[in-house]
Number of protein chains: 2
Amino acid sequence: MTNAEPMRPTLSEVAREAGVGRSSAARVLGNYGSVSEHTRSRVLLAAKRLGYETDELARSMSRGVTMTIGVVLADIANPFFAAVSRGIADEARRAGYGVLLVNSDENVELEDEAVRLLVGKRVDGIIVAPAGGADASAEALRWAADRGTPVVQVDRTLNDFEADAVVMDNRDAGRAAAERLIAAGHRRIALAWGPARPSRRRVTPEALLRWARTSELSSVGERFLGYADALEAAGIPLDPGLVMTGEQTSAGVRDFMRSLLATEPPTAVIATELDAVVAVLAEVRESGLRLPEDLSLVGFDDSPWADVYTPPLTMLRQPAQLLGQRAAERLVVRMTGDRGVRTLDHLPVELNCSGGEGSVAPPREDA
Amino acid sequence: MTNAEPMRPTLSEVAREAGVGRSSAARVLGNYGSVSEHTRSRVLLAAKRLGYETDELARSMSRGVTMTIGVVLADIANPFFAAVSRGIADEARRAGYGVLLVNSDENVELEDEAVRLLVGKRVDGIIVAPAGGADASAEALRWAADRGTPVVQVDRTLNDFEADAVVMDNRDAGRAAAERLIAAGHRRIALAWGPARPSRRRVTPEALLRWARTSELSSVGERFLGYADALEAAGIPLDPGLVMTGEQTSAGVRDFMRSLLATEPPTAVIATELDAVVAVLAEVRESGLRLPEDLSLVGFDDSPWADVYTPPLTMLRQPAQLLGQRAAERLVVRMTGDRGVRTLDHLPVELNCSGGEGSVAPPREDA
DNA sequence: CTGAAAGCGCTTACAG
DNA sequence: CTGAAAGCGCTTACAG
């Protein structure tokens, strides 16, 4: 049993082995300052001989920079966030940064804890998809930003928070989804899910809109506003009964769809999240309806499955990986010292199935 | 413009503010040693007043422990690895560790670089899904392990590498997939994809088996062996023409399926990866075949989509998140000082659609 | 070009 | 219980 742990050699040991001073060894191993070719080669040789690798932790300590960025997302297992992380990781690596990742599960407390952890580990910057809606306190995030740690928001934005953000153009996407269906002749278009409104009581269209416009800036909230825009432009009255504002879960979608289909069936539905798409499909199957003859569907968050589904699904493709990349690029600029004004970057969302294909068909005559 | 960056207060400043020595402040802020109630409260008060947060970087430096684990996976955007990461992250947090994540893209060089980066940042341990097959050199990994950094392998194992591993019971899974199809009456069962054999020339069944048994321990390799086991047990000769051994990509699967369907169509197919499942479905659609009447399918890597597909797909469900959790648990034990013998943990893979349902039907009479 | 010394912000024996 | 001092492994002015 080898319980003699081979300690990693330090800079001093390399210096001694090479027969030079510590500073000289430091200069060649750290690639700075100037050294004679002679000492350089001696040091390099000694380093090789000892298997020296510089201790980045110590370097971070003295340089005051860790070359690490912190990332706080709802759930890395969610395909959307997984793609975002990938975009971040690639861009970070390109710029020489490592990535420390934490899941927040859309929980404000966990997010706060995560941010403190990251600041404690002295990350050079933070990318976050803020949980808890636009009005969340997000104390730790604001504290971190005040303390001088650059923060970039992705996919969501917090009110009264002066940090850069990179988001999808969700309102435009919601509008595009509804327009696609309206163009096919639909007027009863359900939205699963819409903004998470606390009360489940039915409200007037005006109240729903007013509430959405003022209190909420989440992505699904924005998508709802785009949907409302499209209806209004087409002269179709907004029916709050067609908008799911309750619990944003798969089970919630299934309940919503089931009761809707049983009472006042829509001719089309927009599913604003991947989970919602799958839940709608499950309920469609359960109810025996045919897609798209009996019900048209436009979904969000493209997936390879959408193309091989029968029928192929009409989906809005979010450039999730690009979103992550952009956020990382922005953060790198900030970490490099840019103090310019706040930036808000909107990425376009595209329909993947153009033409008359996909899961959109005209409404049935008898509908 | 506030360009006066609020520097974070240090332990010394808190001590001065509290009017005590540094060591005393350290003891209360670090929760160790003993201090009088009086000084404790003074220090706590001063810390609060100054907004002190301990610098984990400095703490790591002096304690020699970073409370961070490094994770090297092929691609975080892949649903399987995304789930694995989630399992790791949850377990790591539970034990108080942060997670530094790097993608290797199945590239041995990138993996090596990632491992060196992680060791440089002095992570306390590493979890890795080794790239490049069982015989890969994986120098950095071996070097890290020799140096005393605990390493746990997930999903794959390297030959001649004395590190713990947590893997799926892939051979058993491959066997289960084939048995399911054989039980339904199939004898011509294609495998997309099988082990990545360099040469694309056809070989004898014996040569293929011999090669797979000796040189390869990747997960798809194991799945192929299980498939072969099931065929042998059923007295069905192994036909190398039905086993895809070429390029393991979606395009490769489509080529393989297309030429197979055009020349000597199988009655069933096993798709050993999620990408392969989607590619098979795409080719099935293209060719106008019906699932499962014309072709039965058993896939790997369950997804919520499988349940809402028509027909619902018979899939082998890999407990990916559990895999990550187990690996992290194992690593925590090692990081805590356990020097016990190597551990190899096998997780069972389960069929999600039992009974006669799903995408498996008896072969057609005329086949 | 080169080396001794101080410093990054903690922790940890070691005396008092 | 408490404080001065040394140390973690680098980097960084500062003389020589």
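Residue numbering restarts at 1 for every chain, and letters A, B, ... go by the order of the sequence lines. Both backbone and side-chain heavy atoms feed into the values below; hydrogens, waters and symmetry mates do not. None of these values were measured; they are calculated from a predicted model.
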The criterion is side chain to side chain contact (heavy atoms under 4.5 Å, CB included); which residues satisfy it with A/Ala320, sequence neighbours excluded? A/Phe80, A/Ala83, A/Val84
Could you go over nucleotides 13-16 of chain C and give all protein N or O partners under 3.5 Å, atom names and distances?
none

Does A/Ser24 have a side-chain nitrogen or oxygen under 4.0 Å from the phosphate oxygens OP1 or OP2 of C/dG3? yes
Sequence neighbours left out, what passes salt bridge (Lys or Arg N to Asp or Glu O under 4.0 Å) with B/Glu106? Give chain and number order. B/Arg156
Just jot down the side chain to side chain contact (heavy atoms under 4.5 Å, CB included) partners of B/Glu162, sequence neighbours excluded, or say none. B/Arg342
Using whole Å, what does the distance between atom P of nucleotide C/dC10 and atom CD of B/Glu13 come to? 9 Å
Length of the CG-P vector between B/Leu11 and C/dT12, whole Å: 13 Å
Sorted by first residue and then second, give each salt bridge (Lys or Arg N to Asp or Glu O under 4.0 Å) pair with at least one member in residues 121-130 of chain A; sequence neighbours left out. A/Arg122-B/Asp55
Using modelled atom types only, decide if a donor and an acceptor are shared between the side chain of A/Thr149 and the backbone of A/Ala145 within a distance under 3.5 Å. no
Salt bridge (Lys or Arg N to Asp or Glu O under 4.0 Å) contacts in which one or both residues fall within residues 22-31 of chain A, not counting sequence neighbours: none
Among C/dT11, D/dG9, D/dT11, find the nucleotide with the atom closest to the side chain of B/Arg63. C/dT11
Partners passing side chain to side chain donor-acceptor pair (under 3.5 Å) against B/Gln321 (at least two apart in sequence or in another chain): none
Each stem that DNA chain C is part of, given as range with range (3 or more consecutive Watson-Crick or G-U pairs, under 3.5 Å): C:1-3 with D:14-16, C:5-12 with D:5-12, C:14-16 with D:1-3
When you measure from the side-chain N and O atoms of B/Arg22 to the phosphate of D/dG3, is any distance below 4.0 Å, counting only OP1 and OP2? no
Residues at least two apart in sequence or cross-chain that pass side chain to side chain contact (heavy atoms under 4.5 Å, CB included) with B/Ser36, listed by chain then number, are B/His38, B/Thr39
Show me the pairs that pass side chain to side chain donor-acceptor pair (under 3.5 Å) and involve residues 11-20 of chain A, at least two apart or across chains. A/Glu17-A/Arg49
Name all residues meeting the side chain to side chain contact (heavy atoms under 4.5 Å, CB included) criterion together with A/Val333; count only those two or more places apart in sequence or in a different chain, and write none if there are none. A/Arg330, A/Asp338
Where do B/Thr343 and B/Asp164 come nearest, in terms of heavy atoms and distance? N-OD1, 2.8 Å
Could you check which residues of residues 35-58 of chain A get a heavy atom under 4.0 Å from DNA chain D? Sort them by number, please. A/Tyr52, A/Asp55, A/Ala58
Quiz question: going by heavy-atom distance under 3.5 Å, is there a donor-acceptor pair between the base of C/dC10 and the side chain of B/Ser62? yes
